[in-house]
Amino acid sequence: MHVRELTADDLDAAWELGRFAFGNTSERAASTRVVVPGLTRYGAFDDAGRLVGKAVDLHHGQWWSGRAVPAADVAGVAVAPEARGRGVARAMLTALLRGARERGAAVSALYPTVAAPYRACGWETAGVLRTVDLATAVLPRHRPDPRFAVRAGTVADLPAVAALYERVTRHRNGLLTRQGELFDAADPALPGDGLTLVEVGGELVAYATWQRGRGYGADSVLTVDEALAVTAEAARELVGVLASWASVAPTLRLCPLDGDAVSTCLPLESAREHERDLWMHRPVDVARAVGARGWPAHVRGFVDFSLTDPLAEWNTGTWRLAVADGAAELIRVDGEADLRLDVRGFALLYTGAASARSVAQSGLLRAVGVAPDALDLLGAGGPAQVIDYF
């Protein structure tokens, strides 16, 4: 078996492999027939030259406390049934990480169909993308505020929508920047069936993208792909528009962004979980992952730790983490540190998914004669979240 980047000549076989793996019955998209900027496709081939595995490196960026961190987000991993259990996925992911590091990526996220193979390769569970259902009738009613203008958006409004998305997301952790070749290459089009805008004085302050669905009976669902606002007043105006669908769409379906202006207007205590998608994270290059992100300006300190990363040997070694004035760096130091961290533990700490004591209890951090708490410094800045499925 050998692994290499796929060429245009390999794309038919890659699509067929994905169709078998994921049971895809939809019409083949045009993007699967051509080389697409902003992503790298990897394939594993047997001795006869037959494609037996595939994986895609999406050249994303992730926001981390105000700074864009280059990412290698993973999608479309599939292995032919006859080749499963033979190390194909591990070989592809090893090549993907190496190639991602060479192009400058720092971190990686993915949605697993099953977590165990990715854990064996250094990714660890860091959060859940939740899709919830709310009875539209329980949304708070709102008398329209004359200060706000509410209208349907057009393609010409998409740059303003992208700018508002960045205002909401850039100071959080883990969310996609939605910048770069992969997004620039996409044809500008309205997402879903509709785009609702809320403006004040000509400035966009809230938006929702939505899909109407079918029918108007008891089983009708309005799917809100995204609803974001930059003020509480704008969020209430937007939620009031969504509430107006109650007579023809009894259910509202959306992915809430924890603690944002819109979510704090929603009666989430009444929500029912519709779907949950586990996501996992890992560093591609630990020094780059630490140096590229933003850090809370009030946090200062340093800690030494030893790291083990079986797939990305460039991460293995003893490091000193130093944080000050909103920035940080990892510096290689000699010897073995008292805090010994597995790469999966690094992922848990970096994303704020667990404290150092919890990571130690999981067996992913060993503290030799010292308390593990100093490594909480690696998770300063709050937990990560994602709202894009890829």
Side-chain angles (χ1 to χ4, degrees), residues 21-22 55-58 60-65 69 71-79 89-90 92-94 96-97 100 105-132 169 172-176 255-259 273-286 289-290 293 305 307-312 315 339-367 372 375-390:
F22 303 116
V56 180
D57 168 11
L58 301 170
H60 285 163
Q62 298 175 6
W63 288 120
W64 288 86
S65 299
V69 176
D73 290 337
V74 181
V77 179
V79 177
R90 186 180 183 90
M92 288 191 301
L93 292 172
T94 300
L96 186 151
L97 286 172
V107 295
S108 174
L110 58 82
Y111 288 95
T113 52
V114 59
Y118 298 104
R119 280 190 168 128
C121 293
W123 279 265
E124 186 47 69
T125 301
V128 173
L129 172 61
R130 294 182 304 126
T131 305
V132 301
T169 59
R172 290 172 171 262
N173 289 336
L175 297 168
L176 295 192
C255 297
L257 179 61
D258 292 341
E273 189 172 87
H274 170 71
E275 193 172 21
R276 62 193 312 271
D277 294 292
L278 197 74
W279 59 274
M280 306 179 81
H281 208 267
R282 74 126 50 225
V284 173
D285 183 297
V286 289
V290 166
R293 63 173 286 181
F305 65 94
L307 181 69
T308 302
D309 188 343
L311 254 66
N315 290 329
L339 296 172
R340 300 169 188 176
L341 186 62
D342 183 88
V343 66
R344 291 164 53 203
F346 184 101
L348 287 171
L349 292 168
Y350 185 88
T351 58
S355 69
R357 286 190 179 270
S358 295
V359 175
Q361 289 170 355
S362 73
L364 299 176
L365 167 61
R366 183 182 174 205
L375 265 177
D376 284 332
L377 186 63
L378 188 55
Q385 188 179 5
V386 295
I387 56 173
D388 288 277
Y389 188 86
F390 47 82

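All values below were derived from every heavy atom in this structure, side-chain atoms included, with hydrogens, water molecules and symmetry-related copies excluded.
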Asker: Heavy atoms only: give me the nearest A353-A126 pair and the separation to one decimal.
Answerer: CB-O, 3.7 Å
Asker: Side chains of L311 and V343, heavy atoms from C-beta outward: is any pair under 4.5 Å?
Answerer: no
Asker: When you compare the side chain of V284 with that of V107, does any pair of heavy atoms fall below 4.5 Å?
Answerer: no
Asker: Look at the side chain of D376 and the backbone N and O of A356, then say whether any donor-acceptor pair between them is shorter than 3.5 Å.
Answerer: yes
Asker: Using side-chain heavy atoms (C-beta onward) and a distance below 4.5 Å, is M280 in contact with T125?
Answerer: yes
Asker: Could you give me the CA-CA distance, side-chain angles and deciding distance for V290 and L378, then say whether side chain to side chain contact (heavy atoms under 4.5 Å, CB included) is met?
Answerer: CA-CA 8 Å; V290 166; L378 188 55; 4.2 Å; yes
Asker: So how far is it from L364 CG to L341 CG, rounded to the nearest 0.5 Å?
Answerer: 8.0 Å
Asker: Scan for salt bridge (Lys or Arg N to Asp or Glu O under 4.0 Å) pairs involving residues 349-364, sequence neighbours excluded, and state none if there are none.
Answerer: R357-D373
Asker: Measure the spacing between CG of L348 and CG of L375 and express it to the nearest 0.5 Å.
Answerer: 12.0 Å
Asker: Who are the side chain to side chain contact (heavy atoms under 4.5 Å, CB included) partners of E275, not counting sequence neighbours?
Answerer: T131, D277
Asker: Which pairs count as salt bridge (Lys or Arg N to Asp or Glu O under 4.0 Å) when at least one residue sits in residues 115-126, sequence neighbours excluded?
Answerer: R119-E124, E124-R344
Asker: Indicate the atoms forming the closest heavy-atom contact of F22 with V77, along with that distance.
Answerer: CZ-O, 3.2 Å
Asker: Roughly how far, to the nearest 0.5 Å, is the OH atom of Y118 from the CG atom of L278?
Answerer: 12.0 Å
Asker: State, to 0.1 Å, how close S108 and V74 come at their nearest heavy-atom pair, and which atoms those are.
Answerer: OG-CG2, 3.6 Å
Asker: Kindly give the heavy-atom pair with the smallest separation between M92 and A78, and that separation in Å.
Answerer: CE-O, 4.0 Å
Asker: Can you name the ring-ring contact (aromatic ring centres under 6.0 Å, His included) partners of Y350, sequence neighbours left out?
Answerer: W64, F346
Asker: State whether W123 and R282 meet the cation-pi test: NZ (Lys) or CZ (Arg) under 6.0 Å from the six-membered ring centroid, and within 45° of the perpendicular axis.
Answerer: yes
Asker: For the atom pair OH (Y111) and CG (L129), what is the distance rounded to the nearest 0.5 Å?
Answerer: 4.0 Å
Asker: For residues A55 and L96, report the shortest heavy-atom separation together with the two atoms involved.
Answerer: CB-CD1, 4.3 Å
Asker: List in chain and number order the residues that pass side chain to side chain donor-acceptor pair (under 3.5 Å) with S65, two or more places apart in sequence or in another chain; answer none if no residue qualifies.
Answerer: N173
Asker: Which pairs would a plain distance check flag for residues 383-390, meaning a side-chain donor or acceptor within less than 3.5 Å of a matching protein atom at least two apart in sequence or in another chain?
Answerer:
from, atom 1, to, atom 2, distance (Å)
Q385, OE1, D258, N, 3.3
Q385, NE2, P256, O, 3.4
D388, OD1, R178, NE, 3.3
D388, OD1, R178, NH2, 3.1
D388, OD2, R178, NE, 3.4
D388, OD2, R178, NH2, 3.3

Asker: Using a 3.5 Å distance criterion without hydrogens, assess whether the side chain of D73 forms a donor-acceptor pair with backbone atoms of A109.
Answerer: yes
Asker: Taking atom CZ of R90 as the centre, does the number of heavy atoms from other residues, nucleotides or ligands within less than 6.0 Å exceed 12?
Answerer: yes
Asker: How close do G345 and V359 get, counting heavy atoms only, and between which atoms?
Answerer: CA-CG1, 3.8 Å
Asker: With a 4.5 Å cut-off on side-chain heavy atoms, are L257 and L175 touching?
Answerer: yes
Asker: Rounded to the nearest 0.5 Å, how far apart are SG of C121 and CG of D309?
Answerer: 10.0 Å
Asker: For R340, I'd like to know if atom CZ has over 12 heavy atoms of other residues, nucleotides or ligands within 6.0 Å.
Answerer: yes
Asker: Between CG of D57 and CG of L110, what distance do you get to the nearest 0.5 Å?
Answerer: 11.5 Å
